[in-house]
Amino acid sequence: MTADPRAEEPLVHLLWLSAGLGCDGESVALTAATQPSIEEIVMGALPGLPRLAMHWPMLDFECGPERGADDFLEWFHRAARGELDPFLLVVEGSVPNEAIKEEGYWSGFGNDPATGQPITTTEWLDRLTPRATAVVAAGTCAAYGGIHAMAGNPTGAMGLPDYLGRDWTSKDGVPIVCVPGCPTQPDNLSETFVYLLYQITGQAPMIPLDENLRPRWLFGQTVHESCHRAGYYEQADFAAGFDSDRCLVKIGCWGPVVKCNVPRRGWINGIGGCPNVGGICIACTMPGFPDKFMPFMDEPAGVQVNRPAGGLYASLVRTLRGITLHNVEKEPAWRRKGDQLTTGYEPSWTASRGTSRGTSRGKGPRHDR
Ligand code: SF4
Ligand code: SF4
C-alpha cells in the first residue's frame, strides 16, 4: 500500500453546525461553488492548503448512530472536550433564545450521552466556541438573525455576534467572520474558507473585516456600484415592470444601499445574480434584512435621495449621449476602397528613394469623423 503523501501535513478540522434556525440553504449553496469548489478545498487542490477534515451534515459519509462505528456526532464531542485543534466552527441558521422558555427547546443537535436529553444549539455554541480557532457565521441568519429574527417571531432569534458579543474573538484572536447572504453567494463562502485555512496555517495575515464583520474584499462595494444596469439609473431610465432591461429601482431594487458583490460575481460560475439579470435586490446580505426592506416590491424610499436629478438633467444627458452614439457608430471616413490614401499617413522616405504613390502628403486625414 502506498503511504498518503500528505499524511505529514497539518490537519484542520471544519465542524459545521447547521442546527440553528435555518433552512440549510448555505450548505446547498456551497455545493455550487466553483471558485474554488468545495471538492477542490477538501482535496487540497490549491497550493498551500492544509489537509481538511470536514464534518458537514450535508454530505458527510459518517452518519451512524451515537457511539456507533461511524458516529458523526463524536467529532463534535471531541472538539468540545478539547481534543481537536485547530478547528473551524461554521454556524448556519440563527440562534434562538432558549432563555425565554421554561421547558423544551427551540433547536438542538444530537443527545447528551450523560443525560440522554437533546443538546440545544446554544449549548453547542457554549461548548465549542471557546475552543474554536475561528468561527464563521454562514448566511444572514447566522450573521445577523435574518428572516427567523423578523418582528413578531416567537423564538427571540438573533445572529451569532448578538449571542457571543460583537467584540468576541476566538482563543487565537480571530473575530467572528460573517459571510451574509440569503443564501450566501457560493464562492463568497468557499473563498472565505480558503482565506481562513491559509491564515490558520500562517500563510495569510488576519482576515480583514468591516464593521459588520464581513470580509472587506467581498462586501466593500454596493450592489449598485457593480450592477450592469447602473448606466440606466444614471440616465433615469427606469423599468416599469420585470420584463425590462432597464434599472429596477422603481420596482423595488435596494441596490444603491446594499453591500454585496453578486452583480459583479454572478451566482454560479459567473452566471446569474439579482438586479443584473432582472430581479430586484432585496438586500439579503444586510443586518437590517428583511424588516427594514419590506415590502420588497415597493420603490425604496431611502434610495430615491441617491438618484441623480431626473427630468431635465436626465433628458439632456440622454440627448447628448444619443448624438455622440450616432457619431461613434460610424467608421472614420478614410476606411474605404479607392486609389487615394486619406488616412494622413506621413512617409519617412526621401524624394530620392521615390514617392509614395497616391499619398496626399502633409495634408493629414480628412477629419470628417
Ligand atoms: S437595478 Fe438596482 S442595483 Fe442595478 S442600477 Fe438599478 S438600482 Fe442600481
Ligand atoms: S444582490 Fe441583493 S438580493 Fe442579490 S444576493 Fe446580493 S444582497 Fe441579496
Side-chain angles (χ1 to χ4, degrees), residues 22-23 25-26 28-30 32-33 35 137-147 150 159 178-192 210 212 214-310 314 317-318:
C23 66
E26 269 60 57
V28 175
L30 186 62
Q35 295 172 341
T140 299
C141 297
Y144 311 123
I147 288 177
M150 280 178 73
C178 293
V179 190
C182 195
T184 181
Q185 200 276 354
D187 294 329
N188 282 353
L189 195 53
S190 65
E191 203 174 287
T192 303
D210 70 11
N212 279 315
R214 298 169 284 213
R216 282 187 185 279
W217 77 93
L218 298 174
F219 294 92
Q221 284 183 301
T222 64
V223 168
H224 185 68
E225 282 162 352
S226 63
C227 179
H228 304 166
R229 297 174 187 236
Y232 291 116
Y233 178 102
E234 185 201 13
Q235 296 171 188
D237 198 351
F238 302 116
F242 284 95
D243 56 351
S244 168
D245 55 5
R246 302 318 207 230
C247 168
L248 305 169
V249 75
K250 277 185 171 291
I251 53 173
C253 184
W254 279 91
V257 292
V258 172
K259 290 186 173 177
C260 175
N261 61 355
V262 159
R264 184 182 331 108
R265 186 157 220 180
W267 200 260
I268 300 176
N269 211 14
I271 296 171
C274 298
N276 52 316
V277 290
I280 55 172
C281 170
I282 59 172
C284 75
T285 57
M286 297 298 280
F289 177 79
D291 301 71
K292 293 187 179 176
F293 304 96
M294 292 167 65
F296 292 133
M297 292 165 88
D298 286 359
E299 183 177 9
V303 168
Q304 288 183 354
V305 294
N306 289 346
R307 197 189 306 160
V317 168
R318 276 203 301 271

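For ligands, and for the atoms within them, numbers begin at 1 and follow the listed sequence.
Side-chain contact between F219 and N188 is present, with at least one heavy-atom pair separated by less than 4.5 Å.
Of all heavy-atom pairs spanning H224 and A230, the tightest one is O-CB, 3.7 Å. The shortest non-hydrogen separation linking W267 to P183 is CH2-O, 3.4 Å.
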Review point. Under the side chain to side chain contact (heavy atoms under 4.5 Å, CB included) criterion, do W254 and V223 qualify, and how do the steps go?
Key: CA-CA 8 Å; W254 279 91; V223 168; over 6 Å; no
**Study point:** D210 vs R216, salt bridge (charged side-chain N to carboxylate O under 4.0 Å, His left out): CA-CA, chis, key distance, verdict
**Key:** CA-CA 6 Å; D210 70 11; R216 282 187 185 279; 5.9 Å; no
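Atom 2 (Fe) of ligand 2 has its closest protein heavy atom at C281 SG, 2.3 Å. For atom 3 (S) of ligand 2, the nearest non-hydrogen atom of the protein is I282 N, 3.4 Å. The closest protein non-hydrogen atom to atom 8 (Fe) of ligand 2 is C284 SG, 2.3 Å.
Less than 4.0 angstrom separates some heavy atom of T285 from each of these atoms of ligand 2: 7 (S). Remark: ligand 2 atoms within the under-4.0 Å shell around heavy atoms of C260 are 1 (S), 5 (S), 6 (Fe), 7 (S). Near V258, with a cut-off below 4.0 Å to any heavy atom, the atoms of ligand 2 are 7 (S). Each of the following atoms of ligand 2 lies closer than 4.0 Å to a heavy atom of V223: 1 (S).
Residue contacts to atom 2 (Fe) of ligand 2: C274 brings no N, O or S atom closer than 2.8 Å.
Residue contacts with ligand 1, taken as heavy atom pairs separated by less than 4.0 Å, involve C247 via backbone and side-chain atoms alike.
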